[in-house]
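Here's the structure, in structure tokens; my notes come after.
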Amino acid sequence: MNRTIKRSPMALAALAMLFEAPMHPYRMQQLIKERGKDEVIDVRQRAGLYQTIRRLEREGLIASQGVSRDENRPERTVYELTPAGREIVMEWMRQILSTPTSEFPEFPAAISFVMLLTPKDAMQQLERRAVALQSEVDRIDALFEALKFLPRLFLLEMECLRAAHATELQWVRSVVEDLRSGSLTWSKTWLKKVVADLAAHGVKTG
């Protein structure tokens with residue numbers, strides 16, 4: 001098995017859908033949305049899914065089974081998993097579930113440069129983020145209520161998403177409180193002094 005094959009949430013979703021049964025990309029997108037998987041897999045732009053499908057086909061993980069010709073609908077290519085595709089999707093699942101990876105989302109990157117803003121400005125932006133995060137937690141809670149008839153197995157990704165949002169919300173609120181109280185603060189003068197002190201001790205800051 002070629003271990004250099006690039007994985008992605010979209011590629012994993014496509015292979016998982018085809019693990020279930022052969023289908024065309026439009027049907028994949030439909031099922032992902034119908035099952036609420038679009039909460040964790042971005043299929044808003046169908047072009048991204050089609051690009052992924054073409055890549056998986058080039059890499060020999062899926063193959064065209066034929067063309068479906070439904071009445072009054074355009075022809076659609078139906079894909080199926082190859083033996084290599086079945087092997088790699090299981091390998092990806094075990095790797096992803098067992099091994100944390102280094103990911104680089106925007107928010108931690110912005111936090112690392114928060115000193116570009118004033119403490120007051122930073123506090124205001126984080127207050128807005130806290131409101132948005134609370135709204136998202138509330139939305140997920142409402143979804144749970146609407147889908148409470150489903151077995152927990154089919155809601156695990158929503159549990160994970162809610163836990164991540166709730167944890168971030170708790171942390172953001174704690175930073176806001178520290179900024180509000182003044183226990184966390186900075187100024188240009190203070191930053192220059194810190195940089196100079198660190199340089200004096202041989203610590204590189206840029």
Side-chain angles (χ1 to χ4, degrees), residues 1-2 5-101 103-107 132-133 135-168:
M1 176 59 61
N2 182 2
I5 293 175
K6 180 183 177 182
R7 73 181 190 223
S8 69
M10 184 79 80
L12 177 65
L15 294 178
M17 292 290 103
L18 293 178
F19 196 93
E20 183 176 321
M23 64 185 74
H24 50 72
Y26 180 69
R27 181 58 178 157
M28 292 182 203
Q29 184 189 40
Q30 282 184 313
L31 285 177
I32 289 170
K33 288 182 175 180
E34 288 172 6
R35 296 174 181 178
K37 307 303 181 186
D38 55 334
E39 293 285 342
V40 292
I41 300 162
D42 186 2
V43 291
R44 290 171 294 181
Q45 299 298 324
R46 198 178 306 162
L49 176 59
Y50 278 94
Q51 289 172 1
T52 298
I53 291 295
R54 287 193 292 271
R55 177 171 67 83
L56 293 175
E57 186 176 24
R58 287 196 305 271
E59 291 170 339
L61 302 183
I62 65 175
S64 171
Q65 191 187 63
V67 176
S68 66
R69 294 180 173 84
D70 295 336
E71 187 178 351
N72 299 324
R73 291 182 179 177
E75 292 184 349
R76 295 191 174 110
T77 302
V78 175
Y79 294 91
E80 63 183 350
L81 275 183
T82 64
R86 287 182 173 272
E87 183 178 341
I88 201 70
V89 71
M90 299 302 288
E91 180 180 313
W92 283 358
M93 284 295 299
R94 294 185 178 106
Q95 288 177 348
I96 295 169
L97 289 177
S98 66
T99 309
T101 57
E103 298 176 355
F104 302 93
E106 289 183 336
F107 182 56
L133 285 168
S135 176
E136 187 64 7
V137 168
D138 293 342
R139 185 186 69 83
I140 293 173
D141 285 343
L143 274 176
F144 273 127
E145 181 63 23
L147 299 173
K148 62 184 179 182
F149 60 90
L150 289 176
R152 184 185 178 199
L153 176 63
F154 299 106
L155 299 172
L156 288 177
E157 73 274 15
M158 296 298 294
E159 283 187 18
C160 181
L161 201 59
R162 188 196 186 283
H165 287 321
T167 300
E168 183 182 326

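Keep in mind the model is a prediction, meaning the values are calculated, not measured.
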Legend entry - Those residues that, when tested against Phe107, pass side chain to side chain contact (heavy atoms under 4.5 Å, CB included) (two or more places apart): Ile111, Leu126, Arg129, Glu168, Trp171, Val172
Legend entry - Counterpart residues, salt bridge (charged side-chain N to carboxylate O under 4.0 Å, His left out), relative to Asp138 (two or more places apart): none
Inset, instruction - Report the residues that fulfil side chain to side chain contact (heavy atoms under 4.5 Å, CB included) with Leu161, sequence neighbours left out, ordered by chain and then residue number. - result: Glu39, Val40, Ile140, His165
Legend entry - Those residues that, when tested against Asp38, pass side chain to side chain donor-acceptor pair (under 3.5 Å) (two or more places apart): none
Inset, instruction - Name all residues meeting the side chain to side chain donor-acceptor pair (under 3.5 Å) criterion together with Glu106; count only those two or more places apart in sequence or in a different chain, and write none if there are none. - result: none
Legend entry - Listed partners of Lys6 passing salt bridge (charged side-chain N to carboxylate O under 4.0 Å, His left out), at least two apart: none
Inset, instruction - Kindly state each residue pair satisfying salt bridge (Lys or Arg N to Asp or Glu O under 4.0 Å) with at least one member in residues 14-25, sequence neighbours excluded. - result: Glu20-Arg35
Inset, instruction - For Arg152, enumerate each residue passing the side chain to side chain contact (heavy atoms under 4.5 Å, CB included) test, keeping only those at least two apart in sequence or located in another chain. - result: Leu156, Glu159
Legend entry - Partners passing side chain to side chain contact (heavy atoms under 4.5 Å, CB included) against Pro151 (at least two apart in sequence or in another chain): Phe154
Inset, instruction - Could you pull out all residues at least two apart from Glu34 that satisfy side chain to side chain donor-acceptor pair (under 3.5 Å)? - result: none
Legend entry - Main-chain N/O of Tyr79 paired with Ser64 side-chain donor or acceptor, under 3.5 Å: no
Inset, instruction - Could you list all the salt bridge (Lys or Arg N to Asp or Glu O under 4.0 Å) pairs where at least one residue sits in residues 48-57, not counting sequence neighbours? - result: Arg55-Glu59
Legend entry - Residues which pass side chain to side chain donor-acceptor pair (under 3.5 Å) with Arg46, listed by chain and number, not counting sequence neighbours: Gln29
